[in-house]
Amino acid sequence: MVERLRRINLRAQILKLALLTGGALLAAVNVHVFLAPSNIAPGGVTGIAIILNELTGWPIGLTMMVLNIPAILLGFHYLGRFRFLVSTLYTVLLYNLGVDLLAHWFPAVTLTDEVLLNALYGGVVGGIATGLIYRGGGTSAGTGVLGRVLQMRTGIPLSQIYLATDGAVVLVAGIIFGWEAGLYALITLFIWGLATDYVLEGPSVVRTVFIVTDKPEAVGQAILDRVHVGVTTWPAEGMFTHAQHTILFCTVSRPHERSLRQVVAEADPDAFLVTGHGHQASGGVFGPPHRSRHKGTRMGRQAESALPPVEDRE
């Protein structure tokens with residue numbers, strides 16, 4: 001058992017190192033290939049360093065490293081002390097030194113001179129790099145540390161935090177490089193946040209459904225029989241009318257959302273239905289029934305003898 005735990009821990013550490021390394025190198029390539037050649041400063045320490053490079057000629061990577069010192073101290077205090085320090089120092093050194101080394105070894109590497117393409121791909125690649133670093137348990141310091149602290153304490157999505165914390169840098173970039181460059185930087189910043197959230201949370205592949213109904217037995221049985229998902233129920237009371245209702249909750253895969261709506265409408269035309277987005281679902285009854293999974297259970301027997309599911313018309 002001890003040896004098995006050691007192997008699992010070793011694999012976890014190797015994966016963490018691979019994520020940090022891949023994210024840091026991808027971030028360095030992003031600055032060198034997409035951002036710096038088009039003077040796109042999408043906020044944060046990276047944006048400040050690109051602006052200072054234009055004004056003073058200071059190397060972008062070295063400038064980022066100096067500016068990251070206060071952020072590293074902040075992260076040391078709030079994000080895990082020495083555990084944070086080791087992973088973040090590794091990431092920052094690889095990222096920041098990588099930018100300057102790429103500029104030295106490949107001074108003229110650009111994929112396109114089209115600023116819009118650089119802005120779009122800079123956001124996508126930068127967001128993927130940041131997401132990989134976060135999934136590896138580190139940060140690239142800078143406003144990423146501030147964003148991580150705020151996300152952990154408030155639950156605000158990273159995309160919103162980036163827009164708030166990096167807006168001033170984009171404003172300065174507009175003054176220095178021109179307002180058109182500032183607008184491109186804002187596009188990059190927005191896409192960067194979305195791509196980071198996507199890497200961290202994954203695609204929205206399930207739908208969460210809340211149904212307020214006065215016919216809970218009919219609606220719940222119709223969902224179980226025809227969509228093959230489990231349903232959770234609890235009583236509710238109207239705030240103004242004080243009428244008694246029942247709330248049903250379930251999750252369905254994205255392609256079957258319309259089928260669920262049709263089933264609910266047929267069982268109770270007056271039902272109130274709200275659909276939300278989810279990223280993962282596990283356990284319970286989710287999706288088509290499997291005999292090995294539900295054999296011998298009441299829910300399994302109901303699913304096995306259910307009516308055919310309604311036609312998926314998407």
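If you're wondering where the values come from, they're calculated on a predicted model, not measured in any experiment.
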Problem set entry | Flag if over 12 foreign heavy atoms under 6.0 Å of CG, Asn9 | yes
Exercise. Are any non-hydrogen side-chain atoms of Asn39 and Tyr184 less than 4.5 angstrom apart?
Worked result: no
Exercise. Under 4.5 Å between any side-chain heavy atoms of Ile223 and Ile211, yes or no?
Worked result: yes
Exercise. Nearest heavy-atom pair of Val170 and Ala185: which atoms, and what distance?
Worked result: CG1-CB, 4.3 Å
Exercise. Taking side chain as C-beta onward, heavy atoms only, is Leu111 less than 4.5 Å from Val33?
Worked result: yes
Exercise. Is Leu19 reachable from Val29 through a run of hydrophobic residues whose side-chain heavy atoms are each under 4.5 Å from the next?
Worked result: yes
Exercise. More than 12 non-hydrogen atoms from neighbouring residues, nucleotides or ligands closer than 6.0 Å to CD on Glu180, yes or no?
Worked result: no
Problem set entry | Verify same cluster id: Leu101, Ile50 (apolar side-chain graph, 4.5 Å) | yes
For this session: Rounded to the nearest 0.5 Å, what's the gap from OG1 on Thr275 to CZ on Arg258? Could you check?
Result: 12.0 Å
Exercise. So, do Asp100 and Asn96 sit near enough that their side-chain heavy atoms are less than 4.5 Å apart?
Worked result: no
Problem set entry | Test item: Val209 and Glu257 side chains (from C-beta on) under 4.5 Å apart, heavy atoms | no
Exercise. Between the side chains of His256 and Ser259, does any donor sit under 3.5 Å from an acceptor?
Worked result: no
Exercise. Hey, are the side chains of Trp192 and Asp197 touching, using non-hydrogen atoms and a 4.5 Å cut-off?
Worked result: no
Seminar exercise, completed: What one should report as the nearest heavy-atom pair of Cys250 and Leu260 is SG-CD2, 4.1 Å
Exercise. With sequence neighbours excluded, what pairs up with Phe249 under the ring-ring contact (aromatic ring centres under 6.0 Å, His included) test?
Worked result: Phe210
Seminar exercise, completed: Closest non-hydrogen contact found for Ala195 with Ile128 is CB-N, 4.1 Å
For this session: Kindly compute the distance separating CG (Leu171) from CD1 (Ile176), expressed to the nearest 0.5 Å.
Result: 10.0 Å
For this session: Could you tell me which non-hydrogen atom of Leu248 sits nearest to which non-hydrogen atom of Pro216, and how far apart they are?
Result: CD1-O, 4.0 Å
Exercise. Is the shortest heavy-atom distance from the side chain of Met65 to the side chain of Leu93 under 4.5 Å?
Worked result: yes
Exercise. Taking side chain as C-beta onward, heavy atoms only, is Asn68 less than 4.5 Å from Tyr95?
Worked result: no
Problem set entry | Heavy atoms of other groups near Trp234 CH2, more than 12 under 6.0 Å | yes
Exercise. Does Ile60 belong to the same Ile/Leu/Val/Met/Phe/Trp/Tyr cluster as Leu67, with side-chain heavy atoms less than 4.5 Å apart forming each link?
Worked result: yes
Seminar exercise, completed: What one should report as the nearest heavy-atom pair of Val169 and Gly44 is CG2-N, 3.9 Å
Problem set entry | Sequence-distant partners of Ser38, side-chain hydrogen bond (donor to acceptor under 3.5 Å, both in side chains), two or more places apart | Asn118
Exercise. Same cluster for Leu89 and Ile69 if Ile/Leu/Val/Met/Phe/Trp/Tyr side chains link at under 4.5 Å?
Worked result: no
For this session: Indicate the atoms forming the closest heavy-atom contact of Ser87 with Lys16, along with that distance.
Result: CB-CE, 4.2 Å
Exercise. So how far is it from Thr188 OG1 to Leu120 CG, rounded to the nearest 0.5 Å?
Worked result: 7.0 Å
Problem set entry | Exam field: side chain Asn30 to backbone Gly122, donor-acceptor pair closer than 3.5 Å | yes
Exercise. Linking I/L/V/M/F/W/Y whenever any side-chain heavy atoms sit under 4.5 Å apart, do Ile175 and Leu35 land together?
Worked result: no
For this session: Count the heavy atoms of every other residue, nucleotide or ligand shown that sit under 6.0 Å from CH2 of Trp179, and state whether that count exceeds 12.
Result: yes
